[in-house]
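Notes follow once the structure below has been shown.
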Amino acid sequence: MTADPPVRVRFAPSPTGRLHIGGLRTALYNYLFARKHGGDFVLRIEDTDQARYEPGAEDDIREALAWVGLEYDEGPEEGGEFAPYRQSERSDLYREYAERLIEADRAYYAFDTEAELEEMREDHGAYDVTTRRHMRNSLTLSDDEVERLLEEDDFVVRLKVPRQASIHFDDVIRGGVSFDASEVDDQVLLKSDGMPTYHLANIVDDHLMDISHVIRGEEWLSSTPKHVLMYEALGWEPPAFAHLPLILSPNGGKLSKRDANQLGIPVYVGDYRTDGYEPAALLNFLALLGWGPGTDEELFSLDEMTQAFSLDRVGASGVQFDLDKLRWVNEHYVRALSIDELAQKARPYVEAEGYEVSDERLRTICELVQDRIQVVPEVATDNRYFFEAPDEYEEAGVEKRWKDASADLLLAYAERLEAVDTFDTDTVETELRDLAEEKDVGAGAVIHPARLAVSGRSYGPGVFGLLAAVGKDACIRRMRRAAEVLG
RNA sequence: GCCGCGUUCGUCUAGUCUGGUCUAGGACGCCGGCCUCUCACGCCGGUAGCACGGGUUCAAAUCCCGUACGCGGUACCA
């Protein structure tokens, strides 16, 4: 019996933009799989496209992974046994293997111009077994001619797809997948700028870096036969493939930037950070998007997820992003925060709204709102009355809670509060209950108008805590103003 | 268009491989109730689904075929 090779997986984003939420999900599943099996998780930067390269993108990717706590064992900055991990620094390697493929008659040089390619596509479709015979390449041209053209240094290397063959591979998530060779075109492997395409670079690196499992998005499924052909041509054992279902928009379609923005769904990982989501909650939610533990559990720490994770429990169909579910998961992480942590996380958002608040008061406010918010910034955005007087009174609340006697009761309450020395939850409550008794009304007859007057709303934290947190002067001022405005 | 992959409540999923225990389970959302100064939390209850059509079988959400629909791919992009 031969032991399974050690698990080594890679997350291989291309630095063409900020890290996308789907990319993070791919990274997460790779991470979980690696950790679950005691293997290595590698970050590899696939920067073979000079035109789409975006400076700063690599930093964004690294920062995003650090923010959520997905630590990798090898990467471009941290190095490792298989360095370098940036493909642009490995060009010679790819050229070498492209040549090997040519020697093995599994690839060839092509010299067609853009115009010629365009014409070919219009007439025939793809550069493949049938069309390559009519094109200018090392299969159709004389050796001398090829020699001469190579001198000009403007050529590409294309994969020579076999005339007829059925290409089959096993996908961990989907089972057996087959393609007919006639459906596969002669993919460019080495571009005229000397850089490899994804297809070549990816198989060379995966092989050289001893990658055991390729876990990537489903968009790669249809190019996998090309990869399989290359592994075979080079005499290499291909890694196991696992193609993850794509994340779709809640409308069912592709999660486009425009679409997402409209629905309030952040597209980039960095946006979740600025929007104040808890990184652990994001990971938890993402884990559930395409995978299920098979139990009723839904809230997992990274370690718990790692324990529970298994590729066979990853689904094969596209999954729709559900912002409500994310918020629900996040809510649980917010509740698990200590008051100090919550206050610390909330401060920047409070300040961004232009409010000033002491640490002590912010903690008090956080205590009051912690289990009433889903995302940290809501400490400020959903509870402005702690920081400024309400500029209007919730209509339905007034309708329901503001009675004829409310103004007089509030005025009397304000008077009592004015006389009080210590303005804390207990005294505020005592004063209110005494007043209610004195006036022979239920406590609610004062409670509800007081809440309305001070917060402008009919709902929120317990009213005594609320009043105490808002403070004596502000409360009295707001009560008198409400009595005047609402009558 | 062609090729590939997919299809269980609105959404994420359990169940499908190893057909009966599934009058299909859980969660989000939504609705109702309890708690309660309100809201939220929590708890209790409800709503809603095997895409469709054939077949195989004593028996199909589960196996087979077809159709529909969705997604992906079809670049010197990844």
Side-chain angles (χ1 to χ4, degrees), chain A residues 12-17 46-52 87 110 112 114 117 121 125-128 154-158 171 173-175 177-180 182-185 187-199 201-202 216-225 243 245-246 248 250 252-254 285 288-299 312-313 315-329 331-332 335 368-374 397 400-401 429 432-433 436 442-448 450-452 455 457-464 466:
Chain A
S14 93
T16 52
E46 311 230 325
D47 54 348
T48 54
D49 188 340
Q50 315 264 273
R52 291 205 309 153
Q87 292 186 327
D112 313 278
E114 205 132 314
L117 286 173
R121 276 198 199 95
Y127 208 120
D128 60 15
D154 185 20
F155 62 87
V156 299
V157 173
R158 283 181 181 274
D171 185 278
I173 291 166
R174 285 145 221 284
V177 180
S178 300
F179 287 81
D180 196 292
S182 62
E183 301 297 337
V184 183
D185 61 5
Q187 184 63 236
V188 168
L189 302 180
L190 205 61
K191 300 185 266 192
S192 53
D193 65 1
M195 281 291 205
T197 57
Y198 168 87
H199 307 283
N202 135 81
R216 74 227 308 184
E218 195 189 346
E219 71 268 29
W220 294 110
L221 190 62
S222 26
S223 38
T224 305
H243 288 95
L246 263 19
L248 311 174
K254 223 182 123 157
F285 167 73
L288 260 15
L289 213 54
W291 168 83
T295 66
D296 287 350
E297 276 172 275
E298 297 209 88
L299 269 8
D312 355 288
R313 298 205 65 88
S317 45
V319 290
Q320 294 184 205
F321 191 101
D322 181 353
L323 192 63
D324 280 333
K325 185 77 178 250
L326 199 216
R327 291 173 57 81
W328 176 81
V329 173
E331 173 186 315
H332 288 272
R335 262 186 257 150
L368 258 17
V369 303
Q370 185 168 34
D371 56 10
R372 265 168 264 262
I373 58 173
Q374 293 191 292
K400 186 170 180 197
R401 304 293 190 184
E429 174 162 11
L432 187 143
R433 293 199 187 279
V446 189
I447 286 175
H448 299 301
R451 180 197 309 287
L452 215 37
S455 74
R457 304 196 312 205
S458 63
Y459 55 92
V463 78
F464 306 115
L466 168 68

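Keep in mind that the numbers below use all heavy atoms, side chains included, and drop hydrogens, waters and symmetry copies. Chain letters run A, B, ... following the sequence lines, proteins first and then strands; every chain starts at 1. Quick caveat, the model's predicted, so the values are computed rather than measured.
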Original post:
Which part of the nucleic acid does A:Ser458 contact within heavy-atom distance under 4.0 Å: base, sugar-phosphate only, or nothing?
Top reply: base

**OP:** Taking atom C1' in both B:G45 and B:C35, compute the distance separating them and give it to the nearest angstrom.
**Re:** 15 Å

**OP:** Kindly point out which of B:C76, B:U13, B:G26 is positioned nearest to the side chain of A:Glu298?
**Re:** B:G26

**OP:** Please tell me which of the listed nucleotides, B:C37, B:G4, B:A78, lies nearest to the side chain of A:Leu221?
**Re:** B:G4

**OP:** Indicate, with a heavy-atom threshold strictly under 4.0 Å, whether A:Val463 touches base, sugar-phosphate, or nothing.
**Re:** base

Original post:
Who is the Watson-Crick or G-U wobble partner of B:C17, with both distances under 3.5 Å?
Top reply: none

Subject >> Nearest-0.5 Å distance, CZ of residue A:Arg121 to CG of residue A:Asp185 >> reply: 8.5 Å

Original post:
Between A:Lys191 and B:C77, does any side-chain N or O lie under 4.0 Å from OP1 or OP2?
Top reply: yes

**OP:** Write down the distance separating the C1' atoms in B:U62 and B:C17, rounded off to the nearest Å.
**Re:** 10 Å

Subject >> Short side-chain N/O contact from A:Arg313 to OP1 or OP2 of B:C12, under 4.0 Å >> reply: no

Subject >> Nearest-Å distance once atom P is located in both B:A40 and B:C31 >> reply: 10 Å

Original post:
If you check every side-chain atom of A:Ser192, which of B:A78, B:C76, B:G4 has the closest atom?
Top reply: B:C76

**OP:** Describe the nucleic acid contact of A:Asp112 in one word from base, sugar-phosphate, nothing, applying a heavy-atom distance below 4.0 Å.
**Re:** base

**OP:** Mind checking A:Arg335 for me? I need base, sugar-phosphate or nothing, with any heavy atom below 4.0 Å counting as a touch.
**Re:** sugar-phosphate

**OP:** Find the distance A:Trp291:CH2 to B:G26:P and express it as a whole number of Å.
**Re:** 19 Å

Original post:
Side chains of A:His199 and A:Ser223: closer than 4.5 Å at any heavy-atom pair?
Top reply: yes

Original post:
5'-most contact on RNA chain B: A:Pro293 or A:Gly444, nearest heavy atom basis?
Top reply: A:Pro293

**OP:** Tell me which nucleotide among B:G42, B:U74, B:A78 gets nearest to the side chain of A:Asp185.
**Re:** B:U74

Original post:
What's the spacing between A:Thr48 OG1 and A:Met195 CE if we round to 0.5 Å?
Top reply: 6.5 Å

**OP:** For nucleotides B:C52 and B:A61, find the distance between their C1' atoms and express it as a whole number of Å.
**Re:** 14 Å

**OP:** Give A:Tyr198 one of three labels, base, sugar-phosphate or nothing, depending on what nucleic acid heavy atoms sit under 4.0 Å from its own.
**Re:** base

Original post:
In Watson-Crick or G-U wobble terms, both distances under 3.5 Å, what is the partner of B:U23?
Top reply: none

Original post:
What does A:Gly462 touch in the nucleic acid at a heavy-atom separation under 4.0 angstrom: a base, only the sugar-phosphate, or nothing?
Top reply: base

Original post:
According to the Watson-Crick and G-U wobble definitions, with both distances under 3.5 Å, which nucleotide is paired to B:A48?
Top reply: none

**OP:** Using the P atoms only, state how far B:G72 lies from B:A60, rounded to an integer number of Å.
**Re:** 36 Å

Original post:
Does A:Asp47 use its side chain to pair, donor to acceptor, with the backbone of A:Gln87 at less than 3.5 Å?
Top reply: yes

**OP:** Determine the contact category for A:Arg158: base if any of its heavy atoms lies under 4.0 Å from a base atom, sugar-phosphate if only primed atoms, P, OP1 or OP2 are that close, otherwise nothing.
**Re:** sugar-phosphate

Original post:
Is any side-chain heavy atom of A:Asp171 less than 4.5 Å from a side-chain heavy atom of A:Leu221?
Top reply: yes

**OP:** Could you tell me whether A:Gly252 contacts a base, only the sugar-phosphate backbone, or nothing, with contacts defined as non-hydrogen atoms closer than 4.0 Å?
**Re:** sugar-phosphate

Subject >> Which nucleotide in B:G73, B:U11, B:C41 has an atom nearest any side-chain atom of A:Gln320 >> reply: B:U11

Original post:
Taking CG from A:Leu368 and P from B:C37, how many angstroms apart are they, rounded to a whole number?
Top reply: 16 Å

Original post:
Once you round it to whole Å, what is the distance between P of B:C76 and CD of A:Gln187?
Top reply: 6 Å

Original post:
To the side chain of A:Thr197, which of B:C76, B:C37, B:G26 is closest?
Top reply: B:C76

Original post:
What does A:Ala316 touch in the nucleic acid at a heavy-atom separation under 4.0 angstrom: a base, only the sugar-phosphate, or nothing?
Top reply: sugar-phosphate

**OP:** Take the protein atom CG of A:Leu248 and the nucleotide atom P of B:G6, then report the distance between them rounded to whole Å.
**Re:** 15 Å

Subject >> A:Lys325 side chain near B:C30 phosphate (N/O to OP1/OP2, under 4.0 Å) >> reply: no

**OP:** Assign A:Arg174 to base, sugar-phosphate, or nothing according to its heavy-atom contacts below 4.0 angstrom with the strands shown.
**Re:** sugar-phosphate

Subject >> Nearest-angstrom distance, P atom, B:G42 to B:G6 >> reply: 38 Å

Original post:
A:Trp328 has a side chain; which of B:A27, B:C76, B:G72 sits nearest to it?
Top reply: B:A27

**OP:** Could you check which nucleotide pairs with B:G1 in any of the strands shown, counting Watson-Crick or G-U wobble with both distances under 3.5 Å?
**Re:** B:U74

Original post:
If we call it a pair only when both distances are under 3.5 Å in a Watson-Crick or G-U wobble match, what pairs with B:A61?
Top reply: none

Subject >> Atom-to-atom span, NE2 of A:His243 to C1' of B:C5 - whole angstrom >> reply: 11 Å

Original post:
If pairing requires Watson-Crick or G-U wobble contacts with both distances under 3.5 Å, which nucleotide is the partner of B:C43?
Top reply: B:G33

Original post:
How far, in whole Å, is B:U13 from B:U7 if one measures between their C1' atoms?
Top reply: 14 Å

Original post:
Between A:Arg335 and A:Glu331, does at least one N-O distance fall below 4.0 Å, as a salt bridge requires?
Top reply: yes

Original post:
Atom CZ in A:Arg327, atom CD1 in A:Ile373: separation rounded to 0.5 Å?
Top reply: 10.0 Å

Original post:
A:Leu117 CG to B:U74 P: how many Å, rounded?
Top reply: 16 Å

**OP:** In whole angstrom, give the distance that lies between atom CG of A:Leu246 and atom P of B:C5.
**Re:** 15 Å

**OP:** Please state how far atom CD in A:Glu219 lies from atom P in B:U74, giving the value in whole angstrom units.
**Re:** 10 Å

**OP:** When you get a sec, tell me which of B:C77, B:A40, B:G29 is the closest nucleotide to the side chain of A:Asp324?
**Re:** B:G29

Subject >> First encountered from the 5' end of RNA chain B, between A:Phe321 and A:Pro196 >> reply: A:Phe321

Original post:
A:Pro225 near the nucleic acid: base, sugar-phosphate alone, or nothing, with a heavy-atom cut-off under 4.0 Å?
Top reply: nothing

Original post:
Would you call A:Glu298 and A:Lys325 a salt bridge, using N to O less than 4.0 angstrom?
Top reply: yes

Original post:
Looking only at atom C1', what distance separates B:C63 and B:C50, rounded to whole Å?
Top reply: 15 Å

Subject >> Check: A:Arg451 side chain, B:C37 base, donor-acceptor under 3.5 Å >> reply: yes

Original post:
From the list B:C5, B:C76, B:C77, which nucleotide is the closest neighbour of the side chain of A:Val177?
Top reply: B:C5

Original post:
Mind checking whether A:Gln187 and A:Arg158 have side chains closer than 4.5 Å, heavy atoms only?
Top reply: no

**OP:** Report the distance from atom OH of A:Tyr127 to atom CG of A:Asp112, rounding to the nearest 0.5 Å.
**Re:** 3.5 Å

Original post:
Out of B:C3, B:G73, B:U7, which has the shortest distance to the side chain of A:Glu183?
Top reply: B:C3

**OP:** Determine the contact category for A:Ser178: base if any of its heavy atoms lies under 4.0 Å from a base atom, sugar-phosphate if only primed atoms, P, OP1 or OP2 are that close, otherwise nothing.
**Re:** sugar-phosphate

**OP:** Could you check whether A:Arg216 gets within reach of a base, just the sugar-phosphate, or nothing at all, counting any heavy atom under 4.0 Å?
**Re:** nothing

Original post:
Can you tell me the Watson-Crick or wobble partner of B:G6, both distances under 3.5 angstrom?
Top reply: B:C69

